[in-house]
Number of protein chains: 2
Amino acid sequence: MARAATTSDTFNAIAEPQRREILMLLRGGERPVTELARDLGMTQPQASKHLRVLREVGLVRVRGAGKQRLYDLDARGLRPVHEWVGGFERFWSESFDRLDEYVQELKQARQEEPHDGDDQ
Amino acid sequence: MARAATTSDTFNAIAEPQRREILMLLRGGERPVTELARDLGMTQPQASKHLRVLREVGLVRVRGAGKQRLYDLDARGLRPVHEWVGGFERFWSESFDRLDEYVQELKQARQEEPHDGDDQ
DNA sequence: TTGACGCATTCCCATATAGGCATATGATGG
DNA sequence: CCATCATATGCCTATATGGGAATGCGTCAA
């Protein structure tokens with residue numbers, strides 16, 4: 001069954017590098033499709049397609065402005081993602097601690113029994 | 001070109017619901033494949049495949065323990081994701097504010113000029 | 001060495017894209 | 001209504017992926 005439809009999952013929506021870039025660009029304010037496409041070096045249809053996905057998961061809003069359609073960031077949908085990943089925060093800290101401890105151990109071992117070639 | 005290979009992108013790795021579940025389970029400590037598969041209601045090959053992806057992006061480590069292979073969480077790779085998403089934190093706060101303002105405006109407008117059918 | 005157990009791999013299939021291109025749809029100005 | 005600019009869609013292809021089933025492989029015990 002391939003993967004869950006991107007149109008129904010924020011995690012999938014931001015799994016696409018170009019979509020992440022679009023979101024980052026939109027932090028600077030609302031923009032028309034063509035401008036986004038140009039700035040990100042993609043074709044207009046591509047931009048429209050990515051924007052559609054982002055719109056369907058609710059990460060962007062659209063507003064008609066004359067002939068143009070201005071896309072605006074709506075980052076509320078990113079909050080759950082942030083919280084989910086944040087649930088691992090203490091683990092990557094622990095990982096760093098463990099790494100640190102490991103390094104300390106190595107240092108000690110080296111001082112206690114220095115062998116030739118230990119210091120390259 | 002479909003999507004970027006999951007094996008080289010953490011965002012893609014965690015875009016899979018089952019892989020997210022595996023990571024969440026591993027917060028409880030290292031576990032053998034079969035146990036993960038059983039707890040998550042998936043087949044052993046499936047678990048192995050997902051674990052492989054997670055291993056290739058560095059989100060889990062493996063350790064041989066007799067006939068078993070114990071998988072352990074290595075959440076360091078999630079830090080960049082957390083930071084990327086965190087870069088939008090002020091925007092979802094703003095969004096909430098805007099929404100709140102919008103609701104206030106609606107309330108005021110309703111009080112000032114109540115029309116028939118305004119309240120369904 | 002053989003057998004059993006735990007896990008990783010491989011093969012095949014159905015599906016969901018992303019990209020490129022052509023074209024339909026919408027809105028604006030004459 | 002027509003021409004034009006700005007977007008959205010439809011169509012087609014190549015590719016990546018998840019699921020299922022069968023099988024290969026390494027480890028341990030007898």
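Being a predicted model, the structure only gives us computed values, none of them experimental. Below, all heavy atoms of this structure are taken into account, side chains as well, without hydrogens, waters or symmetry copies.
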A.B. asks: For B:R69, does its backbone N or O pair with a side-chain atom of B:R63 as donor and acceptor, under 3.5 Å?
C.D. replies: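 No.
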
A.B. asks: Separation of B:R52 atom CZ from D:dG18 atom C1', in whole Å?
C.D. replies: 15 Å

A.B. asks: Which atom pair, heavy atoms only, marks the closest approach of B:R55 to B:V62?
C.D. replies: CD-CG2, 3.2 Å

A.B. asks: Specify the separation, in whole Å, of atom CE of A:M42 and atom P of C:dG20.
C.D. replies: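 Checked: the CE to P distance equals 11 Å.
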
A.B. asks: Considering only heavy atoms, which members of residues 34-41 of chain A lie under 4.0 Å from some atom of DNA chain D?
C.D. replies: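 Within residues 34-41 of chain A, the residues near DNA chain D are A:T34.
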
A.B. asks: Using the rule that Ile, Leu, Val, Met, Phe, Trp and Tyr join whenever any side-chain heavy atoms are under 4.5 Å apart, tell me whether B:L25 and B:L54 fall into a single cluster.
C.D. replies: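 Yes, B:L25 connects to B:L54 through the hydrophobic network.
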
A.B. asks: Using OP1 and OP2 only, check whether a side-chain N or O of B:Q68 sits under 4.0 Å from D:dC28.
C.D. replies: no

A.B. asks: In terms of the nearest nucleotide of DNA chain D, which residue is placed more toward the 5' end: B:P45 or A:R31?
C.D. replies: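 The residue mapped nearer the 5' terminus is A:R31.
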
A.B. asks: List the atom of A:G87, the atom of B:R27, and the distance in Å for their closest heavy-atom pair.
C.D. replies: O-NH1, 3.0 Å

A.B. asks: May I have the distance from B:R63 (atom CZ) to C:dG6 (atom P), rounded to whole angstrom?
C.D. replies: 17 Å

A.B. asks: Between A:Q18 and A:G66, which is nearer to the 5' end of DNA chain C once each is assigned its nearest nucleotide?
C.D. replies: A:Q18

A.B. asks: If each of B:K49 and B:Q44 is mapped to the nucleotide of DNA chain D with the nearest heavy atom, which maps nearer the 5' terminus, i.e. the 5' end?
C.D. replies: B:K49

A.B. asks: Please figure out whether B:S48 or A:A65 has its closest DNA chain C nucleotide nearer the 5' end.
C.D. replies: B:S48

A.B. asks: Write down the distance between CG (B:L70) and C1' (C:dG6), rounded to a whole number of angstrom.
C.D. replies: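 So the two atoms are 11 Å apart, to the nearest Å.
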
A.B. asks: Is the shortest side-chain N/O distance from B:H50 to OP1 or OP2 of D:dG19 below 4.0 Å?
C.D. replies: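 For B:H50, the contact criterion (side-chain N or O under 4.0 Å from OP1 or OP2 of D:dG19) is met.
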
A.B. asks: State, to 0.1 Å, how close A:D9 and B:A15 come at their nearest heavy-atom pair, and which atoms those are.
C.D. replies: OD2-O, 3.8 Å

A.B. asks: Test your reading of the model: is there a side-chain donor-acceptor pair from B:R19 to the backbone of B:I14, 3.5 Å cut-off?
C.D. replies: no

A.B. asks: How many whole angstroms separate atom CZ of A:R55 from atom P of D:dT7?
C.D. replies: 13 Å

A.B. asks: Classify the angle between the aromatic ring planes of A:W84 and A:F11 as parallel (below 30°), tilted (30 to 60°) or perpendicular (above 60°).
C.D. replies: perpendicular

A.B. asks: Figure out the CD1/P separation between B:I14 and D:dG18, and round it to whole Å.
C.D. replies: 14 Å

A.B. asks: For the residue pair B:T43 and B:A37, what are the closest heavy atoms and their distance?
C.D. replies: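 So the two residues come closest at O-CB, 3.8 Å.
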
A.B. asks: Can you find a side chain N or O atom of A:R19 that sits less than 4.0 Å from OP1 or OP2 on C:dA18?
C.D. replies: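 So the side-chain polar atoms of A:R19 do come within 4.0 Å of the phosphate oxygens OP1 or OP2 of C:dA18, strictly under.
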
A.B. asks: Indicate the atoms forming the closest heavy-atom contact of A:A13 with A:L59, along with that distance.
C.D. replies: CB-CD1, 4.5 Å

A.B. asks: For A:I22 and D:dT7, what is the distance between atoms CD1 and P respectively, to the nearest whole Å?
C.D. replies: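 Rounded to whole Å, this separation is 13 Å.
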
A.B. asks: Determine the contact category for A:Q46: base if any of its heavy atoms lies under 4.0 Å from a base atom, sugar-phosphate if only primed atoms, P, OP1 or OP2 are that close, otherwise nothing.
C.D. replies: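 It contacts base atoms.
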
A.B. asks: Taking all non-hydrogen atoms of both residues into account, name the closest pair between B:D39 and B:R31 and its distance.
C.D. replies: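 Residues B:D39 and B:R31, closest heavy atoms: OD2-NH1, 2.7 Å.
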
A.B. asks: In whole angstroms, how far is the C1' atom of D:dA16 from the CD atom of B:E16?
C.D. replies: 13 Å

A.B. asks: Grab the N/O contacts between the protein and nucleotides 1-5 of chain D below 3.5 Å, and write none if there aren't any.
C.D. replies:
| unit_1 | atom_1 | unit_2 | atom_2 | d |
| --- | --- | --- | --- | --- |
| D:dC5 | O4' | A:K67 | NZ | 3.3 |

A.B. asks: Please check the phosphate of C:dA8 (OP1 and OP2 only) for any side-chain N or O of B:Y71 closer than 4.0 Å.
C.D. replies: yes

